[in-house]
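Shown next, in structure tokens, is the structure this report addresses.
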Amino acid sequence: MFAQRIVAEVLRRGEGYGGNGGGRGVTALVEHTSINPNASPHVGRARNAMIGDALVRLLRFEEYEVEVHYYVNDMGRQIALLVLACGEPERLTFDEMLQQYVDANERAKNDPEFAAQGYELLAKMEEGDPETKARFDRVTSVCLAGQLAVLARLGIGYDVFDRESAYVRDPRLQGVLDALRAKGGLFTDEDERLVADLSKIGHTQDEGRYLVLMRANGSSMYAYRDLAYTIDKAGRGAALNLIVLGEDHKLYAQQLGLILEAAGYPPPEPVYYAYILLREGKMSTREGNVVLLSDLLDEAVARAGQKVEEQWPDFPAEERRAMAEKVAAAAVRFAILRVNPQKNVIFDLEQSLSFNGDTGPYVQYSCARIASILRKHGEPLPAEPSADFPTDSDAEWALITKLADFPATVETAARNRNTAPVAQFALETARLFTTFYHECPVLNAPTPAVRDARLHLCQAALQTLKNALGILGLEAMERM
RNA sequence: GCGCCUGUAGCUCAGUUGGAUAGAGCAACGGCCUUCUAAGCCGUGGGCCGGGCGUUCGAAUCGCCCCAGGCGCGCCA
């Protein structure tokens, strides 16, 4: 009997239902977010973090052993300017540092001497000057902590932080240069820069043929350091090596991949996503038309808080606050994650703050309704649904059939490295539960057998929704 | 100019990898709280699936050509 079998299967597997064990015994390294320290995360950048984090959760659900890496770009021209601007970093907060950076960047454009100071500072950093390194560390650490605090509000965390500055003088880079040289793919150009000619190692198009590795003054370019880091990641022995990248990095990743292959290293598997745009155009920190993740979350919490207050006036403020945080995070995460990553999305503030319709809070609300039924029933249910499992309505069948689809949805999502279908599944399941909810009374079911079957179905639906939400990084609500 | 991605309802998105009458939400309009939470439900209107040509018994889905948007293309990261 199909219905009874599916419901029993969901309840038996519990938190593991939907997992196919595709990653059992497989290690995976996932790098995502890796925001430059000179900016507070905006929703565009946050797409990387949310996609990456959901991917990590999906892989773990499939029993991969995952290690999450964050590459801290604590070097480079922009960071040098930031450090230069933050004279006494101890006295500055994260937000103040960001303002300093904006000012410094502006000044560097019009003041060549100031810009030159930046390059000098960078060169000293690369030489390994301890005092300079300490200065950089102080500034970038404050910035990193500020960024992580915002991301943590969305439930996003990391296992390992790799600092770019640790890879500048990586001895393995010599081997890469030797390999390039051996194939005629390395030369010093007329301006004394060290340049890779990728056409010698399989690059077929004209655009992107050359990649500058070192400046004339011997300081390294981002790509050069990134090569060392990528080699380092490859050397950690993970069977699956993923990196979440904006689509603007496509050509760059190909270039890097060619060099790595020429030197005998396996390149990571990229997962791309497209930009989030505003109606007015693309987000630009310079022009001030950005939506900061922290601001978005604050607004979401404020709106959710209002709703919670209307709904649960007798709850302690602290508890209401916690509910609002969960709902707010769910709204923001779901709004981003439900869209296929290769699509540009036009960011709509009202829409991503909406708690009605095709949203994370709608799914959470369905969970709360189920939890409420189970709570009201009070008594524990038999662990196994009875062999006599009456299900006569279309609503019940549609819901059960949907629950049965979950493992296949997860399997496809993992294979395609795309969690958007899981969000879609959660929505569809929540809608089907709601139809069932309106058409099939549970506690007042016509017979005890029907009631028990429906209670078990409720449990199974809740478990499946929880598992789907877990992959997306949203919390199911007991009440809302 | 060249390369990659995208184009589905007024708006934001799905569409199970080529199958039957293309689905949701938002917005609009009309209904539903003395029965398990109205952050919900039911109903109405709304479509040349960007355009064209092809492949196929069959195309939103595959191919080619256009058009539009996004991204990228040597001392940014």
Side-chain angles (χ1 to χ4, degrees), chain A residues 34-36 38 71 73 75-79 119 164 189 191-198 204-217 219-223 225-226 246-252 254-255 272-277 279 281-282 303-304 307-308 310-312 327 331 335 338-348 350-352 354-366 368-377 405 408-409 412 416 420-421 423-425 427-428 430-431 434-435 437-445 451 454-455 458 477 479-480:
Chain A
S34 302
I35 305 172
N36 294 336
N38 57 358
Y71 188 44
N73 301 126
M75 290 202 62
R77 193 188 69 90
Q78 295 181 64
I79 306 306
Y119 281 113
E164 187 180 352
D189 75 359
D191 296 321
E192 299 296 313
R193 297 173 296 187
L194 189 65
V195 182
D197 178 359
L198 305 177
T204 52
Q205 291 140 10
D206 205 33
E207 52 276 359
R209 172 178 171 183
Y210 300 109
L211 189 65
V212 177
L213 298 178
M214 273 197 218
R215 299 184 177 93
N217 72 357
S219 70
S220 61
M221 296 287 288
Y222 177 79
R225 285 165 261 143
D226 201 20
E247 64 174 350
D248 52 329
H249 283 65
K250 268 188 184 174
L251 177 60
Y252 170 72
Q254 281 169 30
Q255 293 173 321
Y272 295 111
Y273 65 93
Y275 272 30
I276 293 181
L277 309 169
R279 280 181 198 291
K282 63 185 226 184
R303 293 190 190 195
K307 196 87 187 166
V308 172
E310 291 166 20
Q311 206 73 240
W312 308 95
V327 173
R338 84 185 189 96
V339 181
N340 279 319
Q342 75 275 15
K343 296 186 69 147
N344 278 123
V345 313
I346 314 285
F347 181 79
D348 185 289
E350 290 308 317
Q351 195 179 305
S352 65
S354 168
F355 306 142
N356 306 325
D358 286 354
T359 65
Y362 173 79
V363 180
Q364 290 178 310
Y365 185 66
S366 307
R369 283 175 145 181
I370 302 174
S372 174
I373 291 174
L374 297 174
R375 226 177 7 250
K376 286 198 167 142
H377 177 64
D405 277 346
T409 301
T412 307
N416 295 338
Q424 206 59 37
F425 175 90
L427 268 183
E428 286 161 8
R431 277 201 292 261
T434 305
T435 303
Y437 177 86
H438 284 277
E439 291 181 8
C440 306
V442 178
L443 299 178
N444 296 319
R451 184 200 59 200
R454 287 178 179 172
L455 279 166
C458 282
M477 303 293 287
R479 292 184 173 79
M480 70 181 272

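We name chains A, B, ... by the order of the sequence lines, and we start the count at 1 in each one.
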Note to self: Going by the glycosidic torsion and a 90 degree boundary from 0, is the base of B:G74 oriented syn or anti?
What the structure shows: syn
Next item on the list: Determine the interatomic distance between P on B:A14 and the same-named atom on B:G54; round to the nearest Å.
Entry: 31 Å
Check: For atom P, what is the distance between B:C57 and B:G40, given to the nearest Å?
Finding: 48 Å
Next item on the list: Please determine, for the side chain of A:Q342, which listed nucleotide (B:C5, B:C73, B:C13) has the closest atom?
Entry: B:C5
Next item on the list: Please state the P separation for the pair B:G18 and B:U61 - nearest whole angstrom.
Entry: 11 Å
Check: Distance between the C1' atoms of B:G50 and B:C67, in whole angstroms?
Finding: 7 Å
Margin query: Considering every strand and a 4.0 Å limit on heavy-atom distances, what is the contact class for A:E247: base, sugar-phosphate, or nothing?
Written below: base
Margin query: Using a heavy-atom cut-off of 4.0 Å across all strands, would you classify A:M480 as base, sugar-phosphate, or nothing?
Written below: base
Next item on the list: Determine yes or no for a side-chain-to-main-chain donor-acceptor pair under 3.5 angstrom, with A:Q255 supplying the side chain and A:G208 the backbone.
Entry: yes
Note to self: Any side-chain to backbone donor/acceptor pair from A:S354 onto A:E350? Under 3.5 Å, distance only.
What the structure shows: no
Item checked: Earlier contact from the 5' end, RNA chain B, for A:R209 and A:N73 -> A:R209
Notebook entry, point to check: When rounded to the nearest Å, what value does the distance between P atoms of B:U6 and B:U16 take?
Noted result: 14 Å
Check: Please give, in whole Å, the distance from B:U35 P to A:Y437 OH?
Finding: 11 Å
Next item on the list: Indicate whether OP1 or OP2 belonging to B:G3 is found under 4.0 Å from a side-chain N or O atom of A:K250.
Entry: no
Check: Within the distance-only criterion (no hydrogens, no angle test), does the side chain of A:T409 pair as donor or acceptor with the backbone N or O of A:D405 below 3.5 angstrom?
Finding: yes
Item checked: Nucleotide nearest A:Y252 when distance is taken to its side chain, options B:A39, B:A77, B:C41 -> B:A77
Margin query: So A:D348, base contact, sugar-phosphate only, or nothing? Heavy-atom distance under 4.0 Å.
Written below: nothing
Margin query: Rounded to whole Å, please give me the gap between CD in A:Q255 and P in B:C73.
Written below: 8 Å
Next item on the list: Could you tell me whether a side-chain N or O of A:R215 sits under 3.5 Å from a main-chain N or O of A:S220, the two making a donor and an acceptor?
Entry: yes
Notebook entry, point to check: Taking atom C1' of B:G1 as reference, at what distance in whole Å does atom CD of A:Q205 sit?
Noted result: 13 Å
Margin query: Strictly by Watson-Crick or wobble contacts shorter than 3.5 Å, is anything paired with B:A20, and which nucleotide is it?
Written below: none
Next item on the list: Return the nucleotide paired to B:G40: Watson-Crick means purine N1 to pyrimidine N3 with N6-O4 or O6-N4, wobble means G-U with N1-O2 and O6-N3, both under 3.5 Å.
Entry: B:C32
Next item on the list: Go through A:S352 and A:F347 one step at a time and tell me if the side-chain contact (heavy atoms from CB on, under 4.5 Å) criterion holds.
Entry: CA-CA 8 Å; A:S352 65; A:F347 181 79; 3.2 Å; yes
Next item on the list: Using a heavy-atom cut-off of under 4.0 Å over every strand shown, decide if A:L427 touches base, sugar-phosphate, or nothing.
Entry: nothing
Note to self: Rounding to an integer number of Å, can you tell me how far A:Q311 CD sits from B:G40 P?
What the structure shows: 11 Å
Checklist line | Rounded interatomic separation in angstrom, taking CG from A:D226 and C1' from B:C75 | finding: 17 Å
Note to self: By the 4.0 Å heavy-atom rule, please label A:R431 as base, sugar-phosphate, or nothing.
What the structure shows: sugar-phosphate
Checklist line | Backbone of A:R193 reached by a side-chain donor or acceptor of A:D191 within 3.5 Å | finding: no
Next item on the list: Name the nucleic acid region contacted by A:Y273, choosing base, sugar-phosphate or nothing; use a 4.0 angstrom heavy-atom cut-off, strictly under.
Entry: nothing
Margin query: Under 4.0 Å, counting only non-hydrogen atoms across every strand here, what does A:V442 touch: a base, just sugar-phosphate, or nothing?
Written below: base
Next item on the list: Look at all strands and tell whether A:L443 reaches a base, only sugar-phosphate, or nothing, counting heavy atoms closer than 4.0 Å.
Entry: base
Next item on the list: Find which nucleotide of RNA chain B each of A:Y365 and A:N217 is nearest to by heavy atoms, and output the residue with the more 5' nucleotide.
Entry: A:Y365
Item checked: Under 3.5 Å on both distances, the Watson-Crick or G-U partner of B:C64 -> B:G52
Next item on the list: Identify the nucleotide, in any strand shown, that forms a Watson-Crick or G-U wobble pair with B:G25, with both distances under 3.5 Å; if there is none, say none.
Entry: B:C11
Margin query: So, does A:Q424 get its side chain near the phosphate of B:G15, meaning an N or O under 4.0 Å from OP1 or OP2?
Written below: no
Margin query: On the nucleotide B:C76, are OP1 or OP2 found under 4.0 Å from the side-chain N or O atoms that A:Y119 carries?
Written below: yes
Margin query: For the P atoms, the ones on B:A59 and on B:C53, what distance do you get once it is rounded to whole angstrom?
Written below: 13 Å
Next item on the list: Check every atom of B:A77, B:U17, B:C41 against the side chain of A:N36 and return the nucleotide holding the closest atom.
Entry: B:A77
Checklist line | Whole-Å distance separating the NZ atom of A:K307 from the P atom of B:A38 | finding: 12 Å
Check: Between B:C71, B:A77, B:C75, which nucleotide has the shortest distance from any of its atoms to the side chain of A:Y275?
Finding: B:C71
Next item on the list: Using a 90° cut-off around 0 for syn, call B:C33 syn or anti.
Entry: syn
Item checked: Any donor-acceptor N/O pair, A:N38 side chain to A:I79 backbone, under 3.5 Å -> no
Check: Checking all strands, does A:R77 fall into the base, sugar-phosphate, or nothing category for heavy-atom contacts under 4.0 angstrom?
Finding: sugar-phosphate
Note to self: Please classify the nucleic acid contact of A:S372 as base, sugar-phosphate, or nothing, using heavy-atom distances under 4.0 Å.
What the structure shows: base
Notebook entry, point to check: Taking CG from A:D405 and P from B:U17, how many angstroms apart are they, rounded to a whole number?
Noted result: 11 Å
Margin query: Regarding A:V345, tell me which of base, sugar-phosphate or nothing describes its non-hydrogen contacts under 4.0 Å with the strands shown.
Written below: sugar-phosphate
Note to self: Need the pair for B:G1. Rule: Watson-Crick or G-U wobble, both distances under 3.5 Å, any strand; none if unpaired.
What the structure shows: B:C73
Check: OP1, OP2 of B:A38 versus side-chain N and O of A:R369: anything below 4.0 Å?
Finding: yes
Checklist line | Syn/anti label of B:U21 as read from its glycosidic torsion, with the cut at 90° from 0 | finding: anti
Check: When you check the phosphate oxygens OP1 and OP2 of B:G40, does a side-chain N or O of A:N356 lie under 4.0 Å from one of them?
Finding: yes
Checklist line | Phosphate OP1/OP2 of B:G69 contacted by A:K343 side-chain N/O (<4.0 Å) | finding: no
Note to self: Side chain of A:I373 only, heavy atoms from C-beta on: which candidate in B:A14, B:C41, B:C36 is closest?
What the structure shows: B:C36
Notebook entry, point to check: Reckon A:I346 touches a base, only the sugar-phosphate, or nothing at all at heavy-atom distances under 4.0 Å?
Noted result: sugar-phosphate
Note to self: Can you measure A:E439 atom CD to B:C36 atom C1' for me and round it to whole angstrom units?
What the structure shows: 15 Å
Check: Hey, what do you get for OH (A:Y210) to CG (A:D189), rounding to the nearest 0.5 Å?
Finding: 10.0 Å
Item checked: Side-chain (A:R338) to main-chain (A:T359) donor-acceptor, under 3.5 angstrom -> no
Next item on the list: Assign A:A274 to base, sugar-phosphate, or nothing according to its heavy-atom contacts below 4.0 angstrom with the strands shown.
Entry: nothing
Check: Between B:C76, B:C13, B:G70, which nucleotide has the shortest distance from any of its atoms to the side chain of A:R215?
Finding: B:C76
Next item on the list: Identify the nucleotide, in any strand shown, that forms a Watson-Crick or G-U wobble pair with B:G58, with both distances under 3.5 Å; if there is none, say none.
Entry: none
Margin query: If you go through the side-chain atoms of A:N340, does one of them form a donor-acceptor pair with the base of B:U6 closer than 3.5 Å?
Written below: no
Notebook entry, point to check: Does the side-chain ring of A:F355 lie flat on the base of B:A39, meaning centres under 5.5 Å and planes less than 30 degrees apart?
Noted result: no
Item checked: Base-pairing assignment for B:G46 (Watson-Crick or G-U wobble, both under 3.5 Å) -> none
Item checked: Heavy-atom donor-acceptor pair, A:S372 side chain to A:A368 backbone, under 3.5 Å -> no
Next item on the list: For A:K376, answer base if it contacts any base atom (sugar-phosphate contacts may also be present), sugar-phosphate if it contacts only those atoms, and nothing otherwise; contact means non-hydrogen atoms under 4.0 Å.
Entry: sugar-phosphate
